[in-house]
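Sequential numbering from 1 along the given sequence is applied to the chain's residues.
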Amino acid sequence: MVDLYSQYMHIKDEVDGAIQRVIDSTAFIKGDEVAKFQEELASYMNVKHVIACGNGTDALQVAMMALELNPGDEVVTTPFTFISTIEVIRLLGLKPVLVDVREDTFNLDPSLLERVLTERTKAIAPVHLFGQCAQMEEIMGLANKHNLFVIEDNAQAIGATYSFSNGEKKRAGTMGNIGTTSFFPSKNLGCFGDGGALFTNDDELGERLRALVNHGMKQRYYYDFVGVNSRLDTIQAAILRVKLMQLDSYHRARQRAADFYDSALSAIKGLKVPARSNFSTHVFHQYTIQVPADSRDSLKSFLQEKGIPAMVYYPVPLHLQHAYGDLGYKLGDLPVSEGLCGRVLSLPMHTELEDDQLKYITDQVRTFFKS
Ligand SMILES: *Cc1c(COP(=O)(O)O)cnc(C)c1O
């Protein structure tokens, strides 16, 4: 699915040098590289504050903590994503309220949002799934109208650009009150372990987030908030500085692979290639096709037999997960997400895909649909 080794070989000298410099400095925690990485990422994202932290799940948790919500307050999010979003909402004693997604983009359907809002609704947490922004203009409009916070889970779309109807462009993760991301190795900007970050343009929130990831401490050994310990290691920051310089070229490589897939697969009857929306660039964290539910698993095993990894992101929507049964949802409540879970299949997508590999993969998919 991903080829991190070949990617590393292209930047080995820079990465090895960066790691060695951290070792020589022995500033393993809060070293200079962390501050530099935060500055460089802030400039890339065109955002005022970047606060590095331990991982993408921590980033979401700290973002929710910063909003000072009360137990039982409701946060609206999507059921078609990784578990982190509803996990942290629940851990903080808040209530996740799930709204279905659009079948074409896999992202929150803004037309369904207003009907779930109650007087306890405090925030909306859209996820920019698979590399493409949710409909932020509509979501921000609704949030402003109802005075709600917006937290963007940008673990999968770092570097994507959203275009507002007035022509304004913003990076994914910088449109709401707080954005979060993950540097898990397989993410578009991945380190060599765990890592994450928070984004905000709000000075007060920035200061609070910085304190929260550091035990709620502003001045040494004086605690203003109940916080957590969530840090990005200096070694990871040093690696990320090297990889940030490659991020745009990594995206071009992913988009090139996606174009190849599109042109080779879009004519297949019964197969739907991922939609590309006109309001967001697509950085293709995943290339996710839809096929009839009764052939999805057989296509997956057919490809596996041919040596092609393919993955189902995600097999079960969050509202039907055992651990979250007490939220009271049942099968049929969020039909688009439920349907997608049966039809989606993500093909190999990374920065090192060669034409002959792409040709082999798409030839095999075509063979499957011919037989
Ligand atoms: C990867 C991911 C996370 C979690 O990031 P970690 O660094 O693994 O904690 C959260 N949300 C989404 C959408 C993700 O893809």
Side-chain angles (χ1 to χ4, degrees), residues 1-12 82 103-107 128-133 155-161 172 184-190 243 245-278 280-293 295-315 340 342-371:
M1 285 301 282
V2 291
D3 183 356
L4 294 173
Y5 187 74
S6 305
Q7 191 190 60
Y8 164 62
M9 291 319 274
H10 292 301
I11 49 171
K12 184 178 188 313
F82 187 61
E103 196 174 271
D104 53 351
T105 62
F106 312 107
N107 279 323
H128 305 311
L129 203 72
F130 298 158
Q132 188 168 233
C133 293
Q156 300 191 3
I158 194 160
T161 301
F184 186 83
S186 63
K187 301 281 151 108
N188 287 30
L189 179 59
K243 293 188 74 176
M245 289 196 285
Q246 304 295 324
L247 187 58
D248 285 336
S249 78
Y250 287 166
H251 286 155
R252 284 192 293 277
R254 288 173 178 274
Q255 283 153 353
R256 205 186 130 270
D259 290 345
F260 191 111
Y261 278 139
D262 274 2
S263 52
L265 302 177
S266 55
I268 297 176
K269 247 185 85 192
L271 183 154
K272 218 167 114 186
V273 300
R276 303 194 189 196
S277 42
N278 50 14
S280 172
T281 61
H282 202 321
V283 295
F284 286 100
H285 177 59
Q286 299 296 344
Y287 186 90
T288 303
I289 58 172
Q290 293 181 50
V291 298
S295 56
R296 196 268 311 273
D297 290 345
S298 44
L299 172 59
K300 182 172 187 279
S301 8
F302 176 83
L303 293 175
Q304 225 107 50
E305 275 163 34
K306 308 287 176 189
I308 300 165
M311 294 287 286
V312 175
Y313 304 118
Y314 297 88
L340 284 173
R343 291 197 308 276
V344 289
L345 191 64
S346 296
L347 300 178
M349 175 49 82
H350 53 84
T351 58
E352 312 301 315
L353 282 164
E354 309 275 0
D355 279 2
D356 56 337
Q357 295 174 308
L358 289 163
K359 183 169 183 317
Y360 177 70
I361 296 165
T362 52
D363 283 350
Q364 295 305 327
V365 174
R366 272 203 295 255
T367 305
F368 175 85
F369 277 94
K370 258 183 242 151
S371 52

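- Across Pro309 and Gly307, no two heavy atoms sit closer than the pair CD-O, 3.6 Å.
- Atoms CG and SG, from Asn107 and Cys133 in turn, are 8.0 Å apart once rounded to the nearest 0.5 Å.
- Between the side chains of His350 and Asp3, no donor-acceptor pair is found at a separation under 3.5 Å.
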Test log, rule side chain to side chain contact (heavy atoms under 4.5 Å, CB included), inputs Phe369 and Lys269: CA-CA 8 Å; Phe369 277 94; Lys269 247 185 85 192; over 6 Å; no

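- Put simply, CG on Leu303 and CD1 on Ile361 are 8.5 Å apart, with the number rounded to the nearest 0.5 Å.
- Between the side chain of Thr281 and the main chain of Thr161, a donor-acceptor pair closer than 3.5 Å is present.
- Considering every non-hydrogen atom in both Met311 and Met1, the closest pair reads CG-CG, 3.6 Å.
- In this structure, Gln286 has no side chain to side chain donor-acceptor pair (under 3.5 Å) partners at least two apart in sequence or on a different chain.
- Pairing each heavy atom of Ala257 with each of Met349, the nearest pair is CB-CE, 4.0 Å.
- Side-chain contact, Gln246 with His10: no donor N or O sits under 3.5 Å from an acceptor N or O.
- Salt-bridge annotation for Glu305 and Lys300: absent, with no side-chain N of the basic residue lying under 4.0 Å from a carboxylate O of the acidic one.
- With rounding to the nearest 0.5 angstrom, the CG atom of Asn188 is 6.0 Å from the NE2 atom of His285.
- Taking 4.5 Å as the limit, some side-chain heavy atom of Ile308 sits within range of a side-chain heavy atom of Tyr360.
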Full working for side chain to side chain contact (heavy atoms under 4.5 Å, CB included) between Ser277 and His282: CA-CA 8 Å; Ser277 42; His282 202 321; over 6 Å; no

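- Between Phe130 and Phe106, the ring planes lie perpendicular to each other; the angle is over 60°, past the 30° to 60° tilted range.
- Looking at Arg256, Gln255, His251 one by one, the single match for side-chain contact (heavy atoms from CB on, under 4.5 Å) with Phe284 turns out to be Gln255.
- At a threshold of 4.5 Å between non-hydrogen side-chain atoms, the residues Leu265 and Leu347 count as touching.
- Salt bridge Asp259/Arg276: present, at least one basic N to carboxylate O contact under 4.0 Å.
- With Ser295 contributing its side chain and Val291 its backbone, the two residues share no donor-acceptor pair below 3.5 Å.
- Side chains of Ile158 and Lys187 form no contact here, defined as non-hydrogen atoms less than 4.5 Å apart.
- Across Gly159 and Val283, no two heavy atoms sit closer than the pair C-CG1, 4.0 Å.
- Here the closest non-hydrogen pair linking Leu4 and Pro185 is CD2-O, 3.5 Å.
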Start with the C-alpha gap between Leu345 and Thr288, add the side-chain angles, then the distance that decides, and say whether side chain to side chain contact (heavy atoms under 4.5 Å, CB included) holds. CA-CA 5 Å; Leu345 191 64; Thr288 303; over 6 Å; no

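- Across all non-hydrogen atoms, the minimal contact from Ser280 to Ala160 is OG-CB, 4.4 Å.
- Under the 4.5 Å side-chain criterion, counting only non-hydrogen atoms from C-beta, Tyr287 is in contact with Asp262.
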For the pair Asp363 and Phe368, evaluate side chain to side chain contact (heavy atoms under 4.5 Å, CB included) and give the outcome as yes or no after the intermediate values. CA-CA 9 Å; Asp363 283 350; Phe368 175 85; over 6 Å; no

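- Note: Arg254 CZ to Glu352 CD = 9.5 Å, rounded to the nearest 0.5 Å.
- Salt bridge status for Glu354 with Lys359: absent, with no side-chain N to carboxylate O gap under 4.0 Å.
- Counting heavy atoms from C-beta on, the side chains of Ser266 and Lys272 never come closer than 4.5 Å.
- Counting only heavy atoms from C-beta outward, the side chains of Leu189 and Tyr250 never approach each other to under 4.5 Å.
- No side-chain N or O of Thr105 forms a donor-acceptor pair with one of Gln132 less than 3.5 Å apart.
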Could you please spell out the steps behind the salt bridge (charged side-chain N to carboxylate O under 4.0 Å, His left out) verdict for Glu103 and Arg343? CA-CA 11 Å; Glu103 196 174 271; Arg343 291 197 308 276; 3.2 Å; yes

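- When side chains are defined from C-beta on, Leu353 counts as touching Tyr261, because their heavy atoms get closer than 4.5 Å.
- Proximity of Val344 to Ile289: side-chain heavy atoms (C-beta onward) are nowhere separated by under 4.5 Å.
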